[in-house]
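Values in this document were obtained by computation on a predicted structure and should not be read as measured data.
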Amino acid sequence: MIELDVLQPAALPVVTPAQVAAGTGVRRPDWLKVRVPGGKAYAEVKSLVDTHRLHTVCEEARCPNQAECWGAGTATLMILGDICTRSCGFCAVKTGRPTELDLDEPRRAAEAIRLMNLRHAVITSVNRDELADGGASVFAETIRQTRALSPMCRVEVLIPDFKGSEAALQLILDAGPEILNHNTETVPRLYKRVRPQARYDRTVELLARAKRWAVANNPAVLTKTGIMLGLGESLDEVVQVMKDLVAVGVDVFTAGQYLQPTKAHLPVERFVHPDEFAEIKRVGLALGFRYVESGPLVRSSDRAERQVA
């Protein structure tokens, strides 16, 4: 039996939320320091995104790796606008009533991918629960437009759960992405607090359906998911989530530190030590994931191009 028994939180340096509260003078741990965005390549990507009136999860979700990724000339594009119909406790994306659907968005996204000369493009979105298909048709059209303009570019989609709609998932799979990604985000016990409009079983079933489709139609398609640590989960719960995901055939697993985007969002319960992330990677690979990316600054689309190598 595989257990997380090498490292325990009490045996490692622990930085608590109280220590990083305003006025204490205690900063985030050294392993969470990132550089400020800048440089020529970053400016070029920023200009391209602004010119094509596109949204990126890099900006909307305040990703700590924005400087690294944009400086290398890559970005994760966010379609379906920048207003989400859900109110997840961890997410910096705006919640509210979305604006009118922009049917030209797939063309502009594909054109930006072409101009960036990407070999691996990640396309994600807000939740659009008010739409009949949750926006799946826009995802599919963005994939098709990208294929037309950049036939050598691999496409990864990071999709919402579409409230469990098999038809919506099928629209995206039929469009032919190389990676189908849907984030698990946290352990089942914390779902009501972290993802109040989502369900753990629905997330696992979506990933299972995608894998069943891949096995039957295109075994080269990978399934992928990720979680955040530091929201109050135990290491035993993390291992059980990994076991659940391996059982439904998930290929790629990511784990990173949750960082509170504003004071209105869920607090960080604990900053997880890099050694714990390394142990999670070891256990994940032993359980059977094809690829595991695990570290304090890891995000779902972090180093995505390496995961299909």
Side-chain angles (χ1 to χ4, degrees), residues 76-80 105-107 109-110 113-114 118-125 127-129 131-185 198-227 241-254 284-285 287-293 300-301 303-309:
T76 298
L77 299 181
M78 189 171 77
I79 61 174
L80 296 170
E105 192 175 46
R107 181 197 63 78
I113 289 168
R114 182 187 71 81
L118 298 186
R119 292 292 181 181
H120 186 105
V122 182
I123 302 166
T124 190
S125 78
N127 283 275
R128 292 294 298 263
D129 290 330
L131 300 175
D133 68 354
S137 57
V138 178
F139 260 106
E141 184 59 21
T142 304
I143 296 170
R144 288 190 288 267
Q145 294 269 2
T146 299
R147 293 274 183 242
L149 294 181
S150 305
M152 300 303 293
C153 179
R154 292 188 299 261
V155 177
E156 173 177 337
V157 288
L158 172 54
I159 63 172
D161 64 17
F162 301 118
K163 296 192 289 189
S165 170
E166 291 188 55
L169 176 62
Q170 193 64 52
L171 279 173
I172 293 173
L173 290 169
D174 287 344
E178 274 80 12
I179 298 182
L180 190 291
N181 185 354
H182 172 63
N183 277 338
T184 305
E185 305 293 13
R199 298 203 321 260
Y200 179 76
D201 62 325
R202 191 160 64 192
T203 283
V204 174
E205 179 56 26
L206 182 154
L207 293 163
R209 287 171 178 163
K211 175 51 67 175
R212 289 196 295 267
W213 181 93
V215 169
N217 297 278
N218 185 358
V221 174
L222 301 180
T223 52
K224 175 180 174 181
T225 194
I227 64 169
V241 166
M242 289 195 288
K243 290 178 178 178
D244 293 344
L245 296 170
V246 167
V248 298
V250 171
D251 299 292
V252 180
F253 179 78
T254 65
L285 291 172
L287 285 171
F289 289 118
R290 169 174 168 167
Y291 191 97
V292 176
E293 196 78 61
S300 184
S301 56
R303 301 175 181 89
E305 72 284 350
R306 303 193 319 196
Q307 297 158 11
V308 291

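Residue H182 forms a side chain to side chain contact (heavy atoms under 4.5 Å, CB included) with just one option from V157, T225, L207, and that option is L207.
K211 is not listed as a side-chain neighbour of V248, based on a closest heavy-atom distance of 4.5 Å or more. Between L287 and L245, every side-chain heavy-atom pair lies at or beyond the 4.5 Å cut-off. Between L206 and I159, the closest side-chain pair of non-hydrogen atoms falls below 4.5 Å. Side-chain atoms of V138 and P106, non-hydrogen and from C-beta on, do get closer than 4.5 Å to each other. For the pair F162/D133, no side-chain contact is recorded, criterion being any heavy-atom separation below 4.5 Å from C-beta on.
With R147 contributing its side chain and C153 its backbone, the two residues share a donor-acceptor pair below 3.5 Å. Panel note: side chain R154, backbone I179; no donor-acceptor pair is recorded below 3.5 Å. Judged by distance alone, with hydrogens and angles left aside, the side-chain atoms of E156 form no donor-acceptor pair with the main-chain N or O of H120 at under 3.5 Å. Under the 3.5 Å distance criterion, the side-chain polar atoms of R209 are left unmatched by any main-chain donor or acceptor of L169. A distance-only check finds a donor-acceptor pair linking the side chain of D251 to the backbone of T223 [under 3.5 Å].
Here M242 contributes atom CE and L285 contributes atom CG; the two are 9.5 Å apart, rounded to the nearest 0.5 Å. Summarising the geometry, atom CG belonging to L77 is positioned 8.0 Å from atom OG1 belonging to T146; distances are rounded to the nearest 0.5 Å. Between the CD1 atom of I113 and the CD1 atom of I123 there is a distance of 4.5 Å, given to the nearest 0.5 Å.
A salt bridge is defined here as a Lys NZ or Arg NE, NH1 or NH2 lying under 4.0 Å from an Asp or Glu carboxylate O, and E205 with R202 fails to meet this definition. Look at K224 and E178 and you find no salt bridge, because none of the NZ, NE, NH1 or NH2 atoms lies under 4.0 Å from a carboxylate O.
Contact detail for L171 and S137: the closest heavy-atom pair is CD1-N, 4.1 Å. Across every non-hydrogen atom of A136 and I172, the tightest pair is O-CG1, 3.9 Å. Contact record, V252 with V250: O-CG1, 3.4 Å, taken as the closest heavy-atom pair. Counting all heavy atoms, side chain and backbone alike, D161 lies closest to A198 at OD2-CB, 4.1 Å. Between W213 and L173, the shortest heavy-atom contact is CH2-O, 3.5 Å. In terms of heavy atoms, F139 sits closest to S125 at CE1-OG, 3.2 Å.
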* **Steps toward side chain to side chain contact (heavy atoms under 4.5 Å, CB included) verdict (Y200, D244)** => CA-CA 11 Å; Y200 179 76; D244 293 344; 2.6 Å; yes

